[in-house]
Student: 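Below is a structure I'd like to ask you about.
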Amino acid sequence: IYTLSLHDALPIFDSLKEQNYQCYICLKKFSLIFGIPTEEIFWCSYYMRFVCKNCIDDEFSIIPHFILDKWCFKKFSISKKAKITLLKWYDKPVIIFKKKDILLKKIPQLYKIIEIKKIINNIFDIMKCEDKFKFLKDNLGEYEYIALKEYIFSVRDLVEINNKTFYKKINQFKKKLISHISGDCPICKFEGEICSKCCNDKKIFFYDIENVFYCKICRKSYHKKCIGLVGHFH
């Protein structure tokens with residue numbers, strides 16, 4: 001916990017002044033002598049504001065903003081109010097990445113998850129059986145949003161991606177999906193296609209997103225090299 005004593009008060013005078021020398025949470029006025037605090041003042045890294053002894057929490061926490069800004073999972077001091085908010089939203093899928101977000105290319109483990117997620121979405125999108133949503137629920141449970149097209153995650157997911165436990169979970173589901181459309185389900189069975197741009201009669205599979213591009217508009221698959229998409233992140 002960051003504490004403020006008489007000896008290190010001066011560097012943060014301006015910040016305290018912006019808060020009117022009071023706790024950000026309960027608005028209690030800090031005790032001052034000649035403008036210098038005479039009590040411990042604490043820092044909430046979630047609200048990025050100073051709080052009093054009664055409002056600071058005893059535990060430290062990861063901060064979502066730091067994760068999204070610098071992929072930092074270090075724990076920092078937080079207020080009791082911040083702890084309630086962080087716990088409430090920890091496992092809720094409310095973080096959405098955009099295709100051009102720098103973290104997707106900068107963090108290898110995150111990029112790998114996004115690639116698998118695209119495969120899952122591509123496969124789920126063409127499943128034809130009536131039980132496709134039950135299949136999703138039975139295999140993913142509360143993680144069923146993984147099949148959505150959007151790059152949506154919870155803070156918990158990002159923690160698990162960072163410690164590499166999320167990869168096993170999502171990769172196992174990808175394998176189940178591939179098995180489902182490869183013969184487990186006669187309705188969804190997919191035997192591959194021929195590239196619509198070249199003469200090669202070797203079957204290609206739309207879930208091989210490293211080499212194959214699947215057009216959801218025309219419902220056809222192409223070798224990426226045949227349409228000039230080699231190396232493209234899409």
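These numbers were taken from a predicted model, which means no experiment stands behind them. One is the number of the first residue; the rest follow in order along the sequence.
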Student: Within a radius of less than 6.0 Å around NZ of K70, do more than 12 heavy atoms belonging to other residues, nucleotides or ligands occur?
Tutor: no
Student: Return the OG to OH distance between S154 and Y145, rounded to the nearest 0.5 Å.
Tutor: 4.0 Å
Student: Any donor and acceptor pair, going by atom type alone, linking the side chain of E39 with main-chain N or O of S31 inside 3.5 Å?
Tutor: yes
Student: Would you name the heavy atoms of Y111 and K105 that are closest together and state the gap between them?
Tutor: CD1-CA, 4.5 Å
Student: Are I170 and L148 connected, step by step, through hydrophobic side chains (Ile, Leu, Val, Met, Phe, Trp, Tyr) whose heavy atoms are closer than 4.5 Å?
Tutor: yes
Student: Using a strict 4.0 Å threshold on nitrogen-to-oxygen distance, state whether E115 and K112 make a salt bridge.
Tutor: no
Student: On a heavy-atom basis, which atom in I62 and which in K75 lie closest, and how many Å separate them?
Tutor: N-CG, 3.8 Å
Student: Any donor and acceptor pair, going by atom type alone, linking the side chain of K92 with main-chain N or O of K88 inside 3.5 Å?
Tutor: yes
Student: Which distance, rounded to the nearest 0.5 Å, do you find between the CG of L104 and the CD1 of I114?
Tutor: 5.0 Å
Student: Rounded to the nearest 0.5 Å, how far apart are CZ of F173 and CG of L140?
Tutor: 4.0 Å
Student: Looking only at atom types and distance, does a side-chain atom of K99 sit under 3.5 Å from a main-chain N or O of Y151, one as donor and one as acceptor?
Tutor: no
Student: If two hydrophobic side chains count as joined below 4.5 Å and joins carry through other members, does L27 share a cluster with L16?
Tutor: no
Student: For S221 and E193, which heavy atoms make the closest approach, and how far apart are they?
Tutor: OG-OE2, 2.7 Å
Student: Any side-chain heavy atom of N163 within less than 4.5 Å of one from F73?
Tutor: no
Student: Mind checking whether I187 and F133 sit in one hydrophobic cluster, side chains of I, L, V, M, F, W, Y counted as touching below 4.5 Å?
Tutor: no
Student: I need the minimum non-hydrogen distance between A147 and L136, along with the two atoms involved.
Tutor: CB-CD1, 3.5 Å
Student: Can you tell me if I102 has over 12 outside heavy atoms packed within less than 6.0 Å of its CD1?
Tutor: no
Student: Are any non-hydrogen side-chain atoms of K203 and I194 less than 4.5 angstrom apart?
Tutor: yes
Student: Using side-chain hydrogen bond (donor to acceptor under 3.5 Å, both in side chains) as the criterion, list what pairs up with W89, not counting sequence neighbours.
Tutor: none
Student: Could you tell me whether the side chains of K174 and N171 share a donor-acceptor contact shorter than 3.5 Å?
Tutor: yes
Student: In terms of relative ring orientation, are F135 and H180 parallel, tilted or perpendicular, with 30° and 60° separating the classes?
Tutor: tilted
Student: Is it true that I84 and F76 fall in one hydrophobic cluster, defined by side-chain heavy atoms closer than 4.5 Å?
Tutor: no
Student: Does any part of the side chain of C23, heavy atoms only, come nearer than 4.5 Å to the side chain of F30, both counted from C-beta?
Tutor: yes
Student: Just how far is it from atom CG of D101 to atom CG of L68, taken to the nearest 0.5 Å?
Tutor: 9.0 Å
Student: Under 4.5 Å between any side-chain heavy atoms of C52 and I25, yes or no?
Tutor: no
Student: Indicate yes or no: at least one non-hydrogen side-chain atom of F66 is less than 4.5 angstrom from one of Y46.
Tutor: no
Student: Any donor and acceptor pair, going by atom type alone, linking the side chain of N122 with main-chain N or O of I119 inside 3.5 Å?
Tutor: no
Student: With distance as the sole test, does K197 use its side chain to make a donor-acceptor pair with the main-chain N or O of H223 at under 3.5 Å?
Tutor: no
Student: Hey, is the main chain of E150 close enough, under 3.5 Å, to the side chain of K117 for a donor-acceptor pair?
Tutor: yes
Student: How long is the span from the CD1 atom in I126 to the CD1 atom in I181, to the nearest 0.5 Å?
Tutor: 5.0 Å
Student: Is the shortest side-chain heavy-atom distance between Y143 and K169 below 4.5 Å?
Tutor: yes
Student: Does some side-chain heavy atom of C44 sit less than 4.5 Å from a side-chain heavy atom of R49?
Tutor: no
Student: Which heavy-atom pair separates W43 from S45 by the least distance, and what is that distance?
Tutor: CD1-OG, 3.5 Å
Student: Kindly indicate whether the side chain of Y167, heavy atoms from C-beta on, has any atom under 4.5 Å from the side chain of I116.
Tutor: yes
Student: For N20 and Q22, indicate whether the former's side chain and the latter's backbone hold a donor-acceptor pair under 3.5 Å.
Tutor: no
Student: Does the structure place the NZ or CZ of K132 under 6.0 Å from the centre of the six-membered ring of F124, at an angle of no more than 45° from the ring's axis?
Tutor: yes
Student: Counting only N and O atoms by type, is there a donor-acceptor contact under 3.5 Å from the side chain of D57 to the main-chain atoms of S79?
Tutor: no
Student: Tell me, yes or no, whether the heavy-atom count around K29 atom NZ, taken from other residues, nucleotides or ligands under 6.0 Å, exceeds 12.
Tutor: yes
Student: For P64 and L86, which heavy atoms make the closest approach, and how far apart are they?
Tutor: CD-CD2, 3.5 Å
Student: Can you tell me how far the OG atom of S182 sits from the CG atom of L177, to the nearest 0.5 Å?
Tutor: 10.0 Å
Student: Test side-chain contact (heavy atoms from CB on, under 4.5 Å) on E59 and I78 and set out the steps.
Tutor: CA-CA 7 Å; E59 298 180 19; I78 56 171; 5.8 Å; no
